[in-house]
Structure formats: structure tokens, C-alpha cells
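The structure appears below as C-alpha cells.
Values below: every heavy atom of this structure, side chains too, minus hydrogens, waters and symmetry copies. Each residue takes its place number in the sequence, starting with 1.
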Amino acid sequence: MHTERSQGPDLFEQARGWLAEDPDPRTREELAAVVAAAEIGAEDALADLADRFCGPLTFGTAGLRGALGAGPNRMNRAVVIRAAAGLASYLRQEGRHGGAVVIGYDARHNSDVFATDTAAVLAGAGLRPLLLPAPLPTPVLAFAIRHLGCVAGVMVTASHNPPRDNGYKVYLGDGSQIVPPADTGIAAAIAAVGPLADVPRGEHWETLGPEVLDAYLTRVAALPAPGPRDLRIAYTPLHGVGGAVVREALARAGFSPPAVVAVQEVPDPDFPTTAFPNPEEPGAMDLAFELGVGTGADVVLANDPDADRCAVAVPTPDGIRRLTGDEVGALLAVHLLRSGAHGTLATTIVSSSLLGVVAARNGEPYAETLTGFKWLGRVPGLAFGYEEALGYCVDPQAVADKDGISALLRIAELAALEKRAGRTLLDVLDDIDREYGVHATAQHSVRVSDLAEIDTTLARLRAHAPEEIGGRKVERTDDLAQPADSLPTTEGLRYVLADGARVVIRPSGTEPKLKCYVEVVVPVSGDLVGARATAGEALRAIGRGIETLIG
């Protein structure tokens with residue numbers, strides 16, 4: 001979001017101009033109340049108004065995402081209509097006249113309204129909108145783009161953001177999220193949209209039937225090979241749209257119905273049982289853990305609200321052990337290779353380096369990209385891609401994006417195979433560490449109250465590069481804004497430390513914080529427990545070093 005704030009009479013003029021063309025009576029009423037309070041000098045209202053009009057939501061490689069509400073710096077019908085009109089203009093400029101655009105949406109507040117507005121604008125622009133028939137997971141939308149031969153796709157979702165947010169994700173006809181220069185082209189087209197009253201809107205578009213979802217389910221259910229299906233699963237969709245689709249996918253693949261967290265089973269845009277519906281967050285999966293213990297589950301699985309991510313946990317005698325995204329990535333990579341997969345294994349610059357070692361040992365190509373599936377989904381010859389933030393692509397020919405449902409099925413397949421042998425997923429992780437060495441990872445986040453602090457900190461680190469972090473010598477510093485390799489430019493720094501350790505520091509793409517990713521590598525000569533203890537202490541030491549470094 002922009003941080004410069006409008007001041008004085010101009011701010012009120014902008015607000016009144018917005019009120020005059022806002023098509024939504026609810027946001028008009030909301031903004032009118034804020035304006036009235038600001039006009040009599042209420043400081044909170046003035047600050048609120050200034051924030052709403054500090055600039056438009058920035059359209060980037062993740063599309064749009066922000067808090068619901070009135071004003072250009074919020075997600076609302078006016079912003080969505082402009083975004084749809086800009087997308088339509090861009091597609092026409094690219095020669096996609098009359099092309100089909102599939103539109104999906106989740107169960108968040110206003111998602112269905114934003115999807116319908118998008119369909120109307122695209123129809124008015126001469127494109128052929130295809131609206132998915134109900135709130136469905138993001139992977140279904142990504143699948144539908146290729147399956148239906150569309151020129152683009154739109155998914156209305158804020159994924160795992162808090163309840164107050166919504167978002168607008170754009171894909172092109174290759175089924176992958178947009179990357180430069182498409183993002184800047186669409187942003188320029190949005191900025192050129194005139195008065196909303198002049199945006200033509202059609203009244204006719206096609207609402208799809210169940211055929212697309214059925215085709216998606218048929219595809220993902222066939223991913224697990226014939227084999228054991230004896231597996232007790234505890235599952236939660238975290239109040240999102242994954243529940244019914246996961247149940248059906250598991251059933252078609254031959255698994256018994258999972259035990260589902262009852263209070264989180266039905267989609268609910270308020271996410272009443274979790275403050276932050278992200279399975280990575282501490283506490284988000286507590287109810288699933290309780291269910292797993294109570295039902296004697298072999299594995300505990302979760303999706304985020306739009307089901308493009310998958311979290312995995314394993315019950316142990318000492319409690320539930322939640323696996324990291326890097327651990328799940330390693331499990332899936334090894335399982336897919338053993339199942340006969342061939343092609344490029346890919347991950348991001350902030351994920352574990354273990355995948356590169358696995359690829360090399362198995363004679364497969366390896367690629368590393370910037371963070372995000374907008375990059376991973378485009379890797380040539382991709383066989384498997386993952387990012388540490390619980391995103392996995394196990395069937396790139398069908399879904400060129402992260403897919404928490406197909407990943408869940410492949411994990412269930414692996415867990416069932418191991419159960420038949422009297423083992424768990426943790427035993428597989430032990431095997432991986434013995435074969436490839438312990439690759440331990442951790443993440444540290446530093447929140448800021450002012451986004452300018454991020455730029456200041458990165459500038460200071462560039463001007464004064466550290467000689468050591470956590471007692472380990474810094475052997476190389478890579479400025480990701482001026483990369484020496486083939487990666488596109490991005491904001492951030494990478495420190496290569498002694499003995500294979502690494503630190504990456506970059507701004508979050510969705511929150512006001514710096515994210516720091518740490519990895520240490522410890523060979524295993526026989527004592528796995530000792531190697532892991534050594535790695536854990538090294539992670540903690542580097543973590544303390546990062547706190548000192550960033551201040």
C-alpha cells in the first residue's frame with residue numbers, strides 16, 4: 001500500500017468524488033460516516049480517511065490484496081470493477097478479443113460479489129466470462145484455465161489472510177500467476193480506466209456446471225498409485241473451501257473418510273476459531289491436533305482457506321509434531337522420484353538447499369527461483385516444485401500453481417505406504433537426513449510500524465555488510481536487487497556463511513515485516529540425534545546474530 005497521505009480539503013474532495021461513483025450502498029454508507037466524523041475534527045476518523053485515500057492498492061504479481069472497505073486503498077466493488085476493466089483492456093491489447101476468462105472465488109466476504117462484477121465487466125468488454133458455480137479452492141481455478149483453454153483466469157481470494165481482507169489474483173492462459181511485464185501492463189491499463197459509469201457491463205455470462213470440478217477431482221484422485229489405503233486422517237479446512245473437495249478426492253482415491261474438525265468444517269468468512277487462518281501460525285491447527293489425538297490419527301492434515309497450501313503433522317508419543325514446509329517438500333520430492341517422476345525439481349531462494357542435493361543424487365535437473373509460484377510454475381520441464389510456505393506443485397501438467405489438495409493426496413499415499421511397513425513420515429525424514437545430511441531451517445520475522453524502516457534497514461546492511469553472523473564467517477554477500485546469477489531482481493540480501501549455512505533477508509510481500517530465512521547443513525556420520533542437536537544450536541546462534549544485525 002502507499003504510505004503518502006492526502007491532506008486538507010483535497011482529501012474530502014477525493015472522498016466525495018468516491019461517494020459519487022461508488023456502486024455499493026454499504027461502502028457508501030461506511031465512507032459517509034467516516035467523512036462526517038472527520039469533518040467535525042475526529043482525529044481517528046481523519047487518520048482513517050487519510051489511509052483510505054493515501055493511494056490505490058498496488059496491482060502487482062500477486063494482483064490485489066487488502067482490507068475490505070471504501071476508498072482506493074481498500075478492496076471494494078469500485079476497485080474490483082476498475083481492475084476487471086484494466087484486465088479486459090490488457091487482454092484486448094494482447095489480441096485476446098473474445099477469449100474465455102474463467103473466474104473463481106472463495107467464501108470470504110464479498111468474494112461472490114467481486115466475481116460477479118468481474119464477469120459483468122469482462123462480458124461488457126467482449127470477452128467470454130466463465131464463472132465457477134460455487135466457492136471453490138484456488139487450485140480448481142488454476143486447473144480450469146488450462147482445462148477450458150482460457151486466455152486468463154481470475155481468483156477472488158485473500159488466501160490465508162485475516163477475515164478483514166480480500167484479494168484478486170490474476171492468471172494468464174498458461175495457468176500460472178502473472179509475472180512482469182504482464183503485471184505492469186495490467187496496472188497501467190487499470191490506471192487508465194475512466195469514470196466507473198463509463199465502464200460497459202454485460203448482463204450475460206456462463207455459469208459453469210459441476211463438470212470442471214469433476215474433471216479436477218478425477219485428475220487428482222488418480223495421482224496416488226494403487227496400493228495401501230489403510231490410513232486414519234484428521235483434517236481441517238480452517239473454515240475455508242477445501243473441506244468438501246478434500247473429502248471427495250480422498251474417497252475417489254480409495255481412502256476412508258477423514259475425521260474433520262467439526263467447528264472448522266463449514267466455510268465461514270469470519271474464521272471464528274482462529275485469529276489468523278494460516279496453518280503455519282502457532283495455534284491455528286490446535287483443534288486439528290486435538291482431533292488427531294482423540295481419534296488415534298496416523299497423520300494430521302490441514303489446508304489454508306483457499307486450499308492451495310497443505311500442512312502436515314504427525315502424532316508421536318510426546319505429542320503432535322508439525323512438519324515444516326521444507327520437510328514436507330523433501331518428503332514429496334523423494335516420494336515422487338521413487339514413484340517414477342522425472343524432470344526438474346525446483347524451489348525458491350528462501351527454501352532449503354536440500355532439494356538441489358536430492359536432484360543431483362538422483363540425476364534430475366534442479367532450478368531455483370524467486371519466492372512465489374508465479375516463478376515456480378513457469379520452470380521449464382517442471383516435475384515438482386515447492387516453497388517453504390507450505391506450497392507444493394505435484395502435478396504441474398494439470399495445475400501450474402501450488403495445490404494443497406493434490407499435495408495432500410500424495411502425502412496420504414506416502415503415509416499409508418509407510419504405515420504398512422510399520423513406519424511413519426518421521427522415519428522417512430530420518431532416512432533423508434542420514435542419506436543427504438541434516439538441512440535444518442528456521443525463520444525469523446521482524447515487524448515494523450513504518451514500512452520506511454524496511455528500506456532503512458536494508459540500506460544500512462548494504463552499506464555495512466557483516467563479517468560474521470552467529471559466530472559463522474560471512475563468505476559471500478549477494479544483493480538480490482543486483483543478482484549475479486540469472487534470477488530476476490528482487491529486494492533482499494543473501495549471506496552465504498561458513499560450512500554451508502545461509503541467511504536470506506527480504507521484505508514480506510503481504511505484511512509490514514522483514515523475513516529472515518536461515519539454513520544450516522550438518523553431515524551425518526552415524527549419530528543422527530547428535531547431528532540434529534548441533535544443527536539446532538547453530539540455528540539458534542544465527543538467530544541471535546540476526547537479532548543483533550537487524551537491531
Side-chain angles (χ1 to χ4, degrees), residues 1-6 11 13-32 34-35 48-91 101 103-106 108-125 129 152-159 161-171 177-178 183-201 269 509-510:
M1 293 183 184
H2 292 263
T3 55
E4 296 178 4
R5 292 186 170 181
S6 303
L11 176 60
E13 290 173 10
Q14 290 181 62
R16 293 188 185 99
W18 184 276
L19 284 168
E21 68 170 9
D22 189 343
D24 190 335
R26 289 177 297 180
T27 45
R28 286 202 305 271
E29 181 180 353
E30 170 192 311
L31 183 57
V34 174
V35 169
D48 183 13
L49 194 62
D51 187 63
R52 291 169 185 265
F53 286 87
C54 67
L57 283 178
T58 302
F59 189 95
T61 50
L64 297 169
R65 190 173 293 186
L68 291 161
N73 196 29
R74 299 287 188 271
M75 282 295 298
N76 50 66
R77 292 185 64 196
V79 164
V80 166
I81 289 169
R82 289 186 180 279
L87 173 61
S89 175
Y90 174 82
L91 292 173
V101 180
I103 305 160
Y105 56 99
D106 65 11
R108 283 179 176 267
H109 291 296
N110 269 19
S111 286
D112 56 344
V113 176
F114 295 160
T116 301
D117 280 336
T118 298
V121 171
L122 296 180
V154 172
M155 183 68 194
V156 182
T157 180
S159 190
N161 275 37
R164 66 179 181 274
D165 289 356
N166 212 327
Y168 198 83
K169 187 182 293 188
V170 176
Y171 299 73
Q177 298 174 43
I178 56 171
D183 57 343
T184 54
I186 296 171
I190 293 171
V193 174
L196 287 189
D198 295 341
V199 174
R201 284 170 243 184
T510 57

Any heavy-atom pair between the side chains of [Y] and [X] that's under 4.5 Å?
X: V199; Y: V193; result: yes
X: T27; Y: R77; result: no
X: L64; Y: F114; result: no
X: I178; Y: I186; result: yes
X: M75; Y: L57; result: yes

| said: As a quick check of understanding, evaluate side-chain hydrogen bond (donor to acceptor under 3.5 Å, both in side chains) for S111 and N166, giving each step before the final call. | reply: CA-CA 7 Å; S111 286; N166 212 327; 3.0 Å; yes

So which atom in [X] and which in [Y] form the shortest heavy-atom distance, rounded to 0.1 Å?
X: P23; Y: I81; value: CG-CD1, 3.9 Å
X: H109; Y: P163; value: CD2-O, 4.3 Å
X: A187; Y: F59; value: CB-O, 3.9 Å
X: L11; Y: L49; value: CD1-O, 3.7 Å
X: G185; Y: Y90; value: C-CD1, 3.8 Å
X: A88; Y: A125; value: CB-CB, 3.6 Å

Would you say the side-chain atoms of [X] pair up with the backbone N or O of [Y], donor to acceptor, closer than 3.5 Å?
X: T116; Y: D112; value: yes
X: R108; Y: G167; value: no
X: D24; Y: N76; value: no

In chain order, what residues pass the side-chain hydrogen bond (donor to acceptor under 3.5 Å, both in side chains) check against [X], with sequence neighbours excluded?
X: S159; answer: D304, D306
X: R26; answer: N110
X: R52; answer: E30, D48

| message | Can you tell me if E21 has over 12 outside heavy atoms packed within less than 6.0 Å of its CD? | response |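 Enclosed: over 12 neighbouring heavy atoms sit under 6.0 Å from CD of E21.
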
Excluding sequence neighbours, so at least two apart, what forms side chain to side chain contact (heavy atoms under 4.5 Å, CB included) with [X]?
X: P200; answer: none
X: P25; answer: R28
X: A115; answer: I103, Y105, L131, V156

| query | In terms of side-chain heavy atoms, does T118 have a donor or acceptor partner in Y168 at a distance below 3.5 Å? | reply |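 Yes - a donor-acceptor pair under 3.5 Å links their side chains.
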
| task | For side chain to side chain contact (heavy atoms under 4.5 Å, CB included), just list the numbers for V113 and V80, CA-CA rounded to whole Å, side-chain angles, deciding distance to a tenth of an Å, and then say yes or no. | result | CA-CA 10 Å; V113 176; V80 166; over 6 Å; no

| query | At what distance, to the nearest 0.5 angstrom, does CG of D22 lie from CD of E29? | reply |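 It is 11.5 Å, given to the nearest 0.5 Å.
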
| query | In Å, rounded to the nearest 0.5 Å, how long is the span from CZ of R74 to CZ of R164? | reply | 9.5 Å

